[in-house]
Amino acid sequence: MKSEFIECPLLDSKTEAKRVLDMCQGNLEAAMGVIERQFNTLHNRAQVLFSFCGIVITVTGFSGRLIAGTNPVAQGSIVAGLGIVIGCAFYIFHSVMTLRWASQRLGSDPEIALQRLIHRRNHKTAAYRRGGYILFVGLILYGTAIAIMLMNPIALAVPAR
């Protein structure tokens, strides 16, 4: 039995607002609940990216000096990777995690209010996607530095404290 998947084109915010309102039988509160759950999903996923950034920063605190001491390429890779990861964290915080209360921008027309929320959600979703790609580049550089360290094992001459 062949399963068919029909690709649906992305809807513009006006069409999506109409569909969400129709789905919720014209109830603005219910429609806003649908969009709110989508914002929650987006913020939860952005939090995962923050967690990855935190892991990189923590590992750098424990092992960064050892990794950077391998050779200049590892040193440049770890510094660049760390810089990109920190930049990614700032970008995600600034672009995805900023708060604007939906109730402050309702206006009198429920459809226009939903269009604004959907437009904002789409903007944040695109920023989340870009942030993920930025983080991935930082992780590649960071992983390169770790790989260089692992391929060049040397006896540690670090005093134990």
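Side chains are part of it too, since the values below use all heavy atoms of this structure and drop only hydrogens, waters and symmetry mates. All values reported here derive from a predicted model rather than from experimental measurement.
- Contacts of Ala89 classified as side-chain contact (heavy atoms from CB on, under 4.5 Å), with partners at least two apart in sequence or in another chain: Phe50, Cys53.
- Asp12 pairs by the side chain to side chain donor-acceptor pair (under 3.5 Å) definition with Thr15, not counting sequence neighbours.
- Qualifying salt bridge (Lys or Arg N to Asp or Glu O under 4.0 Å) partners for Arg121, counting only residues two or more places apart in sequence or in other chains: Glu16.
- Taking every heavy atom of both residues into account, Ser13 and His119 meet most closely at CB-N, 4.3 Å.
- Looking at residues two or more places apart in sequence or on another chain, you find a side-chain contact (heavy atoms from CB on, under 4.5 Å) between Ile57 and Leu82, Ile86.
- Here the straight-line distance linking atom CG of Asp109 with atom CZ of Arg116 works out to 9.0 Å at 0.5 Å rounding.
- The distance from atom CG of Leu66 to atom CD1 of Ile146, rounded to the nearest 0.5 Å, is 10.5 Å.
- The CG atom of Leu117 sits 7.0 Å away from atom CD1 of Ile35, with the distance rounded to the nearest 0.5 Å.
- Taking Ile, Leu, Val, Met, Phe, Trp and Tyr as hydrophobic and joining them when side-chain heavy atoms fall under 4.5 Å apart, one finds Met151 isolated, its cluster having no other members.
- Thr98 pairs by the side chain to side chain donor-acceptor pair (under 3.5 Å) definition with Arg120, not counting sequence neighbours.
- One finds the CG atom of Leu28 at 5.5 Å from the CG atom of Leu114 (value rounded to the nearest 0.5 Å).
- Distance alone, capped at 3.5 Å, places no donor-acceptor pair between the His43 side chain and the Met97 backbone.
- Cluster membership check: Val79 does not share its hydrophobic cluster with Ile148, using side-chain heavy-atom separations under 4.5 Å among Ile, Leu, Val, Met, Phe, Trp and Tyr.
- The cluster map of Ile, Leu, Val, Met, Phe, Trp and Tyr, joined by side-chain heavy atoms under 4.5 Å apart, puts Leu49 and Val59 in the same cluster.
- Atom CD1 in Ile118 sits 7.5 Å away from atom CD in Gln38 (nearest 0.5 Å).
- With a 6.0 Å radius and a threshold of 12 heavy atoms from other residues, nucleotides or ligands, Phe39 has its CZ atom above the threshold.
- Residues satisfying the ring-ring contact (aromatic ring centres under 6.0 Å, His included) test with Phe90, not counting sequence neighbours, are His94.
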Contacts under 3.5 angstrom, residues 129-139 side chains, donor-acceptor by atom type, not counting sequence neighbours:
| from | atom 1 | to | atom 2 | distance (Å) |
| --- | --- | --- | --- | --- |
| Arg130 | NE | Tyr91 | OH | 2.8 |
| Arg130 | NH2 | Tyr91 | OH | 3.1 |

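- Here the CZ-OG1 distance, from Arg45 to Thr125, works out to 9.5 Å after rounding to the nearest 0.5 Å.
- For residues 53-63, the set of pairs meeting the side chain to side chain donor-acceptor pair (under 3.5 Å) definition, not counting sequence neighbours, comprises Thr60-Tyr142.
- With sequence neighbours left out, the side chain to side chain donor-acceptor pair (under 3.5 Å) criterion links Thr144 to no other residue.
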Name every donor-acceptor pair, under 3.5 Å, that has one atom in a side chain of residues 19-27 and the other anywhere in the protein, sequence neighbours excluded.
| from | atom 1 | to | atom 2 | distance (Å) |
| --- | --- | --- | --- | --- |
| Asn27 | OD1 | Glu29 | N | 2.9 |
| Asn27 | OD1 | Ala30 | N | 3.2 |

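- Under the 4.5 Å side-chain heavy-atom criterion for grouping Ile, Leu, Val, Met, Phe, Trp and Tyr, Leu150 is connected to Ile55 within one hydrophobic cluster.
- Listed by first and then second residue, the side chain to side chain donor-acceptor pair (under 3.5 Å) pairs involving residues 68-88 amount to none (not counting sequence neighbours).
- What you find for Ile78 and Ala68 is that their closest heavy atoms are CG2-CB, 4.0 Å.
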